[in-house]
*Asks:* 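I am attaching a structure below and will ask some questions about it afterwards.
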Amino acid sequence: MLEKMEILHVEKVIEEFETMTKDTENVQRETLKKILEENGSAEYLQNLGLNGRTDPQSFKACVPVVTHQVLDPYIQRIVDGASSPILTGKPITTISLSSGTTQGRPKFVPFNDELMETTLQIFRTSYAFRNREFPVKNGKALQFIYSSKQSRTKGGLFAGTATTNVFRNSQFKKAMKAMQSQCCSPDEVIFGPDFRQSLYCHLLCGLIFREEIQLVSSTFAHSIVHAFRTLEQVWEELCVDIREGILTSRITFPSVRSAMAKLLKPNPELADLIRRKISGLSNWYGLIPELFPNVKYIYGIMTGSMEHYLKKLRHYAGDVPLISADYGSSEGWIGANINPNVPTESTTYAVLPNIGYFEFIPLKENVEEQVHDRGDANILSMEPKPVSLTEVKIGEEYEVIVTSFAGLYRYRLGDVVKVMGFHNSTPELKFICRRNLMLTVNIDKNTEKDLQQAVEEAAKLIAEEKQEVIDFSSHVDMWTDPGHYVIFWEISGEVSDEVLKECCNCLDRSFVDAGYVSSRKVNAIGPLELRILRRGTFQKVLDHYLGLGAAVSQFKTPRCVGPTNYKVLQILCDNVVKTYFSTAF
Ligand code: AMP
């Protein structure tokens, strides 16, 4: 019997979204009420004296704004198997490993069914808007997704990266089917134990089903670029496999081999076609549409630290549109991209008011002087005063605070966003940067965004030599006196010393922050140093993070390496081939 395929009712999803965002304030109030009712019995909330109250005023008066560090001891008890309700009413059975570390181990955050449901709601919402502009037929998706192992914690909970927890959830596959975006690779490849082997097989599956591929995607744009860089290296081996119908012996896992054997048949015509197509390309431009003629768009998170990879992705994509995926984190989702037509760099995310309770710390005047009268001692404290979702102002920047269905209350996410407008009464946010990623020696402050812009500017000089910056990072070297910025570059090929010296000067000049410029002029900050890395260094950095249990699907190159991140700093420093100091000031 034919299984009836449930296709998502796109117009209905949009209608629900429109209704909800016309009533954002009430929906937020109701969402907070629901979160607090469901979790009122949790020890954390009990101790804060809410006494059953669920309104925003009482919530803000009783519950403090916290960082992960404050909640960590509670989460740790859950991880260790405590059976009483600690952060949520219902027991937490799964833990996500978020990016970043807490005291040298991966940061843990709770994951539950409610979080899974909000994830799917975000996916459905952006899909509905996307599909209006770029409809996909019932084809396949070439998805570079990888699921790391789910392990068990000491207390018996499942632990994996958030993407792993999502991909392994039975609802995920159903949702992807309903969105006509099913992965062309078998589960054994997605869940394969070795990411390199999985990547090779994803590429092979994509080529086998090339006519059916409707979209190419990954969680973050970095993985898509990484995949096609790999294809440049392994395409001949892929062609041999397709010609002979036998998988290369490099793929060693029996489950992956047997799943691939079911798809591979000797197909010399296809192998010849791919060879012809690739040989006809100039410097790999337009590789994606050449190999996948029916692809409608390329999809993945492309903003924030992913912007660096857009140039390369556009090169591979030719005229195929790039669409940024949604905005969220292991801690919870925030907004959906409902304007897929705008240029990727201008993507905004409309907040879904029913997936969490959101507050925002204004960055312009982020401190409120509060005089606490404690007996005879007046204590002056600096407290950021957050505003609610409907109180944010267009053009202003904020740090995001999340209250989720998974046990996080007034949790500082650490991201900076800018309000670009409103959709009905919900704000549309542009992702700006991570708040704590900062290059600073003394009075200077340069964010991840400033760094990216400086690198972009300087990279134009090597683009004239037909070379590119594959990836980059930075570090503040305080061992020298005065301290100075160090920028690490891995570049695609040979560039003369002269040009690289100019790049170094250009980087130094591109940090226009007044504190930096004035400090440089009086040598309170030393000359910027550009260190060129051996090819493959960032692959080593990626391997290092994978070794710590990170997933490729969630990988973000650390843009600023702190002095305590010894291992990554060591990998970078051990692979320096050339060093330049700026003479710009
Ligand atoms: P993780 O902790 O690995 O789940 O990563 C979550 C972080 O990735 C967020 O806090 C953001 O800093 C970043 N991120 C997630 N979605 C986006 C997006 N659409 N644009 C830019 N950065 C994002």
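When a ligand or atom number is given, it counts from 1 through the structure's own listing order.
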*Asks:* Heavy atoms only: which of A325, A221, S330, S96 is nearest to atom 4 (O) of ligand 1?
*Replies:*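 That would be S330.
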*Asks:* Do Y299 and F134 have their ring centres less than 6.0 Å from each other?
*Replies:*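 That pair fails the under 6.0 Å test.
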*Asks:* Inspect the contact between R196 and D543 and indicate whether a charged nitrogen and a carboxylate oxygen are less than 4.0 angstrom apart.
*Replies:*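 So D543 pairs with R196 through a salt bridge.
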*Asks:* Using a 4.0 Å heavy-atom cut-off, say whether I301 meets ligand 1 through its side chain, its backbone, both or neither.
*Replies:*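 Side chain only; the backbone of I301 stays clear of ligand 1.
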*Asks:* Evaluate Y349 for polar contact with ligand 1, using N/O atom pairs at a separation under 3.5 Å.
*Replies:*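 Right, the criterion is met.
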*Asks:* Just distances here: any N/O of D326 and N/O of ligand 1 closer than 3.5 Å?
*Replies:*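 Yes: some nitrogen or oxygen of D326 is under 3.5 Å from one in ligand 1.
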*Asks:* Is there a donor-acceptor contact under 3.5 Å linking the side chains of S96 and S330?
*Replies:*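 No, S330 and S96 have no side-chain donor paired with an acceptor closer than 3.5 Å.
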*Asks:* With the threshold set at 4.0 Å, does a side-chain nitrogen-carboxylate oxygen contact exist between K418 and E396?
*Replies:*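 Result for this pair is no, no salt bridge flagged.
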*Asks:* Return a yes/no value for K556: is any of its N or O atoms, backbone included, closer than 3.5 angstrom to an N or O of ligand 1?
*Replies:*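 Looking only at distances, the answer is yes, because the N/O contact criterion of under 3.5 Å is met.
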*Asks:* Could you see which bit of Y327 sits under 4.0 Å from ligand 1, with heavy atoms only: side chain, backbone, both or neither?
*Replies:*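 For Y327, backbone and side-chain atoms both sit under 4.0 Å from ligand 1.
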*Asks:* Report yes if some heavy atom in the side chain of T88 is under 4.5 Å from a heavy atom in the side chain of F405; otherwise report no.
*Replies:*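 With C-beta onward as the side chain, the pair stays apart.
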*Asks:* Pairing donors with acceptors under 3.5 angstrom, does anything connect the side chains of Y309 and D471?
*Replies:*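 There is such a pair (donor and acceptor under 3.5 Å, judged by atom type) between the side chains of Y309 and D471.
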*Asks:* Does A162 reach ligand 1, in the sense of a heavy atom lying below 4.0 Å from it?
*Replies:*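 The answer is no: ligand 1 sits nowhere under 4.0 Å from a heavy atom of A162.
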*Asks:* Looking at R434, which atoms of ligand 1 are within less than 4.0 Å of one of its heavy atoms?
*Replies:*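 Once the distances to R434 are compared, the set is 10 (O), 12 (O).
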*Asks:* Run the ring-centre check on H226 versus F195 and record whether the distance is less than 6.0 Å.
*Replies:*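 Yes; F195 has its ring centre under 6.0 Å from that of H226.
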*Asks:* Among C433, G328, S324, which one has a heavy atom closest to atom 16 (N) of ligand 1?
*Replies:*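 Going through C433, G328, S324 one by one, G328 has the nearest heavy atom to atom 16 (N) of ligand 1.
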